[in-house]
Asks: 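There's a structure below that I have some questions on.
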Amino acid sequence: QFYEVESDDKSLVTVGGYMVEKSLFNKRWRIQDFGVDIKNLLQAGKTVVIADDLIDQNIISNDKSEFQSIICVPIVKEGRFTACMFLYNSIDHYWSIHEIAIAEETAQRAWVAYERTKIEESLRKTELRLYTVLQQAPIAIAISGSNGEILFRNQVFDELWGRPAHDTTARFFSNYYKGFDLDGKA
């Protein structure tokens with residue numbers, strides 16, 4: 001399960017994950033509740049592996065029944081502890097070096113994918129705002145590629161040229177201006 005460090009650097013909040021036959025822990029963890037040693041390890045980017053006999057001392061005691069052993073892989077970006085991935089096991093389990101390495105690689109790759117998804121969603125929203133502004137502009141606007149192909153045009157552009165919108169799709173400026181070439185020379 002992934003947790004993101006909130007902007008105050010004091011709490012972890014869940015951002016998703018997967019658990020077999022259980023629902024995700026949908027809660028906020030105070031980083032200080034993990035204890036000073038674990039907090040320092042996470043902030044230093046060190047993976048924390050906890051066995052059953054240590055959970056009482058390091059994790060909030062009322063959650064002990066939910067898991068018997070955990071791995072916590074921190075995600076540190078630009079020197080800042082930004083997130084972590086917890087792997088829980090409901091039975092006492094010794095985590096092998098191989099399992100820990102897989103957890104660390106998985107955490108890094110999954111976090112990159114999560115960040116990419118957030119960036120792509122932000123880009124989609126920005127593109128929609130730009131598209132809306134350009135479509136509603138009271139002047140004719142067209143955007144072309146380097147070969148002169150019209151990639152975007154607004155309704156005012158279509159009206160100016162007296163053509164339905166579908167007639168200007170995938171057309172070239174050279175179709176509208178006599179003597180137009182890619183160098184902009186007449």
Side-chain angles (χ1 to χ4, degrees), residues 1-137 143 151-152:
Q1 182 166 350
F2 272 98
Y3 290 88
E4 193 164 11
V5 177
E6 291 189 323
S7 59
D8 64 3
D9 289 336
K10 294 180 182 177
S11 301
L12 298 172
V13 62
T14 186
V15 291
Y18 175 76
M19 291 183 81
V20 176
E21 299 178 7
K22 289 187 177 190
S23 58
L24 294 173
F25 295 113
N26 190 12
K27 66 180 292 180
R28 176 174 277 109
W29 298 83
R30 292 183 322 169
I31 297 173
Q32 71 184 26
D33 290 338
F34 290 96
V36 174
D37 292 341
I38 291 178
K39 176 183 173 185
N40 290 340
L41 286 171
L42 294 174
Q43 290 174 331
K46 305 288 185 189
T47 297
V48 175
V49 180
I50 303 177
D52 179 43
D53 59 337
L54 297 177
I55 288 180
D56 278 353
Q57 300 167 24
N58 296 303
I59 306 296
I60 304 168
S61 60
N62 64 357
D63 289 320
K64 184 180 183 317
S65 63
E66 296 290 338
F67 44 83
Q68 298 299 310
S69 56
I70 65 171
I71 297 177
C72 180
V73 181
I75 308 295
V76 177
K77 299 293 180 190
E78 297 176 7
R80 183 177 172 270
F81 174 42
T82 59
C84 61
M85 181 182 80
F86 277 88
L87 296 177
Y88 308 102
N89 201 326
S90 59
I91 59 172
D92 193 18
H93 179 73
Y94 172 79
W95 300 94
S96 71
I97 293 172
H98 182 66
E99 288 172 314
I100 295 167
I102 289 172
E104 290 172 339
E105 183 68 22
T106 301
Q108 296 300 323
R109 289 180 184 211
W111 192 253
V112 167
Y114 171 72
E115 286 184 322
R116 185 179 319 120
T117 300
K118 286 186 351 183
I119 291 168
E120 287 171 354
E121 178 62 26
S122 176
L123 180 59
R124 275 191 292 279
K125 288 178 181 177
T126 301
E127 287 174 340
L128 179 60
R129 283 193 305 271
L130 177 61
Y131 177 81
T132 301
V133 166
L134 293 176
Q135 278 293 4
Q136 295 174 355
I143 299 172
L151 304 173
F152 169 86

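Predicted, not measured: the structure shown is a model, and the values here were computed from it. Each residue takes its place number in the sequence, starting with 1.
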Asks: For the atom pair NZ (K125) and CD (E127), what is the distance rounded to the nearest 0.5 Å?
Replies: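 Between atom NZ of K125 and atom CD of E127 there are 13.0 Å.
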Asks: Does the pair R109/E105 count as a salt bridge with the N-to-O cut at 4.0 Å?
Replies: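 Yes.
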Asks: Rounded to the nearest 0.5 Å, how far apart are CD1 of I50 and SG of C72?
Replies: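 Separation between the atoms: 7.5 Å.
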Asks: Answer yes when E121 and R124 have at least one side-chain N-carboxylate O distance shorter than 4.0 Å, and no when they do not.
Replies: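 Judged by the 4.0 Å cut-off on N to carboxylate O distance, E121 and R124 do form a salt bridge.
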Asks: What closest approach, in Å, do A107 and I75 show between heavy atoms, and which atom pair accounts for it?
Replies: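 Looks like O-CD1, 3.7 Å.
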Asks: Rounded to the nearest 0.5 Å, how far apart are CD1 of I71 and CD of E104?
Replies: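 Separation between the atoms: 8.0 Å.
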Asks: Answer yes or no: does atom CD1 of I97 have more than 12 heavy-atom neighbours from other residues, nucleotides or ligands under 6.0 Å?
Replies: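 Counting other residues, nucleotides and ligands, CD1 of I97 stays at 12 neighbours or fewer.
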Asks: How far does CG of L42 sit from SG of C84, to the nearest 0.5 angstrom?
Replies: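 Between atom CG of L42 and atom SG of C84 there are 6.0 Å.
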Asks: Could you tell me if the side chain of I31 sits less than 4.5 Å from the side chain of Y3, heavy atoms only?
Replies: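 The answer is no; the side chains never approach within 4.5 Å.
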Asks: Check the surroundings of atom NZ in K77: do more than 12 heavy atoms from other residues, nucleotides or ligands lie under 6.0 Å from it?
Replies: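 Check passes, neighbour count above 12.
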Asks: What is the ring orientation for W111 with F2, classed by angle as parallel under 30°, tilted 30 to 60°, or perpendicular over 60°?
Replies: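 Tilted.
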Asks: With no hydrogens and no angle check, just 3.5 Å: does a side-chain donor-acceptor pair link T126 and R129?
Replies: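 Present: a donor and an acceptor within the cut-off.
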Asks: Nearest 0.5 Å, what's the CD-CZ distance between Q43 and F81?
Replies: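 Reported to 0.5 Å precision, the distance equals 7.0 Å.
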Asks: Report yes if the side chains of E99 and L87 come closer than 4.5 Å at any heavy-atom pair, otherwise no.
Replies: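 SC-SC contact between E99 and L87 ruled out.
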Asks: Flag the pair P74 / T47 as yes when at least one side-chain heavy-atom distance between them is below 4.5 Å, and no otherwise.
Replies: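 Result yes, sub-4.5 Å side-chain heavy-atom pair found.
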Asks: For the pair W95 and H93, name the ring-plane relationship: parallel under 30°, tilted 30 to 60°, perpendicular over 60°.
Replies: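 Aromatic pair W95/H93 classed perpendicular.
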Asks: CG of L130 to CD of Q135: how many Å apart, nearest 0.5 Å?
Replies: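 Rounded to the nearest 0.5 Å, the CG-CD separation comes out at 10.5 Å.
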